[in-house]
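A short worksheet on the structure shown next.
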Amino acid sequence: MLSENERGRIISKNKEKIELFFQFAFEVGSKRNIDDVLKVIADSARKILDCDRVSIFVYNKETSKLWTKVAHGLEEKIEVDQNIGIVGWVFSNRKPLIVNSPYSDPRFNPETDRKTGYRTKSIIAVPLVTYSGSTVGVLEGINKNVGGFVDEDLEFGQILAVQAANAIENAILYEELKRAQEEIVMRLSIAAEFRDSTTYNHLVRMSLYSYLIAKEMGFDDSWCEKLKLAAPMHDIGKLGIKDMILLKPAKLTDEEFEEMKKHTIYGYDILKDSSIDILKMASNVALCHHEKYDGTGYPRGLRGDEIPIEARIVAVADVFDALTSKRPYKEPYEIEHAVEIIEKDSGKHFDPKVVQAFKKALPEIIKILKKYGVE
Ligand code: C2E
Ligand code: SIN
Ligand code: SIN
Ligand code: FE
């Protein structure tokens, strides 16, 4: 029988752990980026397992190796073989393991200790298996603060591991999707404009300019990320414009320009009615990026705040890039001259708040311009 005192101690000890679990679940659920996810897992696991270091090894399908970056006391990213060491054993066998005297365990690989000068005295390693059954890596705790690891640590470790595994899987998927999405948007937008002199770099530049201006204006991260993807689709409606007009190496006649203006409506028609936020935003941008703040733009002559803010931002980014680029109908302007034109048109063509943010972001914008050079 446990004494009152002992029982009280065990309950309060586990109460603390349960609180740590809640905190972990809450924090890990709020992170998307893989590095952030790994850091939350490592920090929580270190507290829950009450040990000196925690490393999370993530399986890389392409190299068939396990890599870790977030290891307490280890700065650089290291990669280990999927069947070497305690970590490799746990990964391959999908079984958790406690090793309280590693130097007498043949599975232990003392190489990391040799490299870092650290002395491993006890190890707990748990496979990171998702709900759907795939093993995404291994969570390893090193050097229990008092004594060695015990069975209770295994239980806590395994509860933690399920949630950690799913968070890691989601973060990896999220990053892949994000990269695919960015690339698809750029490739399709460029495909839509391949007849025009528009280049991949133009789309990258105006997308990043829009992002930087939005950031400067204080929009939240996820909105700015959406704008970064929506902006490059602004001229997708040029698909519907005849070569004779689109490729004309001279000034357009009034009639031709009337035809050209329709690229805003064509773009809107392509993108509208989607339930996807980014495409909704892109349809507003396509429709309204040639509207002017004073109401003299097209296609509808909207003024001021009637023009969606995403379109007011893209208008500045687009014109700045058009001004600093060569077009079949014009030579590029110097950066200083382009900035003067934007400033001069503040309150007329452009929203003054956007122009102000543009000027603040200018050093960053110029870096982008230099990096994705004007062709
Ligand atoms: P774009 O070449 O990408 O230009 C986008 C916008 O940048 C223009 O919208 C305009 O607001 C601004 N912009 C471009 N060049 C200049 C410039 O030299 N000075 C000033 N102040 N602003 C400039 P806009 O005028 O509504 O034109 C939309 C699209 O129509 C242009 O896209 C281009 O594809 C076409 N376009 C416009 N004018 C001509 C032209 O004279 N000849 C030909 N071939 N195409 C033209
Ligand atoms: C092992 O997996 O055998 C040891 C790895 C480590 O010390 O981090
Ligand atoms: C649009 O959604 O079509 C443009 C936004 C507006 O009309 O204010
Ligand atoms: Fe346009």
Side-chain angles (χ1 to χ4, degrees), residues 189-190 192-210 213 227 230-271 281-303 307-308 310-351 354-355 358 365 369 372 374-375:
S189 303
I190 192 75
E193 296 185 42
F194 79 103
R195 296 172 303 148
D196 198 356
S197 58
T198 306
T199 62
Y200 195 84
N201 280 355
H202 160 62
L203 296 181
V204 172
R205 286 194 307 266
M206 65 85 54
S207 156
L208 293 174
Y209 297 166
S210 304
I213 295 170
L227 183 63
M233 295 183 247
H234 70 287
D235 267 346
I236 216 160
K238 283 184 177 173
L239 264 174
I241 305 296
K242 292 192 213 75
D243 281 357
M244 206 269 283
I245 294 173
L246 187 65
L247 304 181
K248 185 175 176 179
K251 230 183 140 35
L252 301 175
T253 64
D254 289 350
E255 203 184 318
E256 287 166 339
F257 195 58
E258 283 311 307
E259 207 40 51
M260 186 69 206
K261 286 179 178 176
K262 292 186 188 157
H263 79 279
T264 51
I265 294 162
Y266 297 156
Y268 176 72
D269 284 341
I270 292 169
L271 298 163
M281 188 189 250
S283 73
N284 281 335
V285 169
L287 183 61
C288 303
H289 72 282
H290 288 295
E291 296 289 1
K292 296 189 178 176
Y293 200 67
D294 63 6
T296 63
Y298 61 86
R300 291 182 291 171
L302 299 179
R303 76 170 67 224
I307 308 164
E310 53 268 39
R312 277 178 271 152
I313 293 172
V314 167
V316 172
D318 183 36
V319 172
F320 179 70
D321 201 57
L323 292 172
T324 50
S325 302
K326 184 172 160 45
R327 287 283 190 271
Y329 63 94
K330 64 169 270 295
E331 288 303 313
Y333 291 114
E334 296 294 334
I335 293 173
E336 296 71 28
H337 190 197
V339 174
E340 272 172 34
I341 292 175
I342 304 268
E343 282 179 325
K344 188 172 60 62
D345 265 350
S346 174
K348 289 185 263 175
H349 186 161
F350 308 115
D351 179 347
V354 178
V355 173
F358 163 79
I365 287 176
L369 191 150
Y372 301 94
V374 169
E375 47 290 321

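What's counted below: heavy atoms across the whole structure, side chains too, no hydrogens, waters or symmetry copies. Numbering of ligands and ligand atoms starts at 1, following listing order.
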Exercise. Which ligand 1 atoms are under 4.0 Å away from a heavy-atom of Asp318?
Worked result: 5 (C)
Exercise. Taking all atoms of both residues into account, what is the closest heavy-atom pair of Pro232 and Leu203, and its distance?
Worked result: O-CD2, 3.6 Å
Problem set entry | N or O contact, Tyr298 vs ligand 1, cut-off under 3.5 Å | yes
Seminar exercise, completed: Closest heavy-atom pair, Leu227 versus Ser210, reported as atoms and distance to 0.1 Å, is CD2-O, 3.7 Å
For this session: Indicate if the distance from the Fe ion (ligand 4) to the nearest N, O or S atom of His234 falls below 2.8 Å.
Result: no
Seminar exercise, completed: In Asp235, the N/O/S atom nearest the Fe ion (ligand 4) carries the name OD1
Seminar exercise, completed: Taking every heavy atom of Lys248 against every heavy atom of Lys251, the minimum-distance pair comes out as NZ-O, 2.9 Å
Exercise. Is it the side chain (CB and beyond), the backbone, both or neither of Lys251 that lies under 4.0 Å from ligand 1, heavy atoms counted?
Worked result: both
Problem set entry | For Ala322, the ligand 1 atoms whose distance to one of its heavy atoms is below 4.0 Å | 4 (O), 5 (C), 7 (O), 14 (C)
Exercise. For Arg205 and Leu369, which heavy atoms make the closest approach, and how far apart are they?
Worked result: CD-CA, 4.2 Å
Seminar exercise, completed: In His349, Lys261, His263, the residue satisfying side-chain hydrogen bond (donor to acceptor under 3.5 Å, both in side chains) with His290 is His263
For this session: Output the list of atoms in ligand 1 that are nearer than 4.0 Å to some heavy atom of Leu323, sorted by atom number.
Result: 16 (C), 17 (C), 19 (N), 20 (C), 22 (N), 23 (C)
Problem set entry | Lys238 to ligand 1, any heavy atom closer than 4.0 Å | yes
For this session: Please say whether Lys330 places an N or O atom under 3.5 Å from an N or O atom belonging to ligand 1.
Result: no
Problem set entry | Enumerated ligand 1 atoms positioned under 4.0 Å from heavy atoms of Met260 | 29 (C), 30 (O), 34 (O), 35 (C)
Seminar exercise, completed: ang(NE2 His290, the Fe ion (ligand 4), NE2 His263) rounded to 10° is 90°
Exercise. With a 4.0 Å cut-off on heavy atoms, does Ala250 reach ligand 1?
Worked result: yes
Seminar exercise, completed: In terms of heavy-atom contacts, Tyr268 and Ala286 come closest through N-CB, 3.9 Å
For this session: With atom 46 (C) of ligand 1 as the reference point, say which of Ile342, Leu252, Ile341 has the nearest heavy atom.
Result: Leu252
Problem set entry | Which of the ligand 1 atoms, numbered from 1, are nearer than 4.0 Å to a heavy atom of Val319 | 7 (O), 11 (O), 12 (C)
Exercise. Are the side chain of Lys348 and the backbone of Thr296 linked by a donor-acceptor contact shorter than 3.5 Å?
Worked result: no
Problem set entry | Test item: Glu291 side-chain N/O and Ile307 main-chain N/O as donor-acceptor pair under 3.5 Å | no
Problem set entry | Minimum-distance pair of heavy atoms, taken over all atoms of His289 and Ala311 | N-CB, 4.1 Å
Exercise. Hey, what do you get for OH (Tyr293) to CZ (Arg303), rounding to the nearest 0.5 Å?
Worked result: 10.5 Å
Exercise. Judging by distance only, is a nitrogen or oxygen of Lys248 under 3.5 angstrom from one on ligand 1?
Worked result: yes
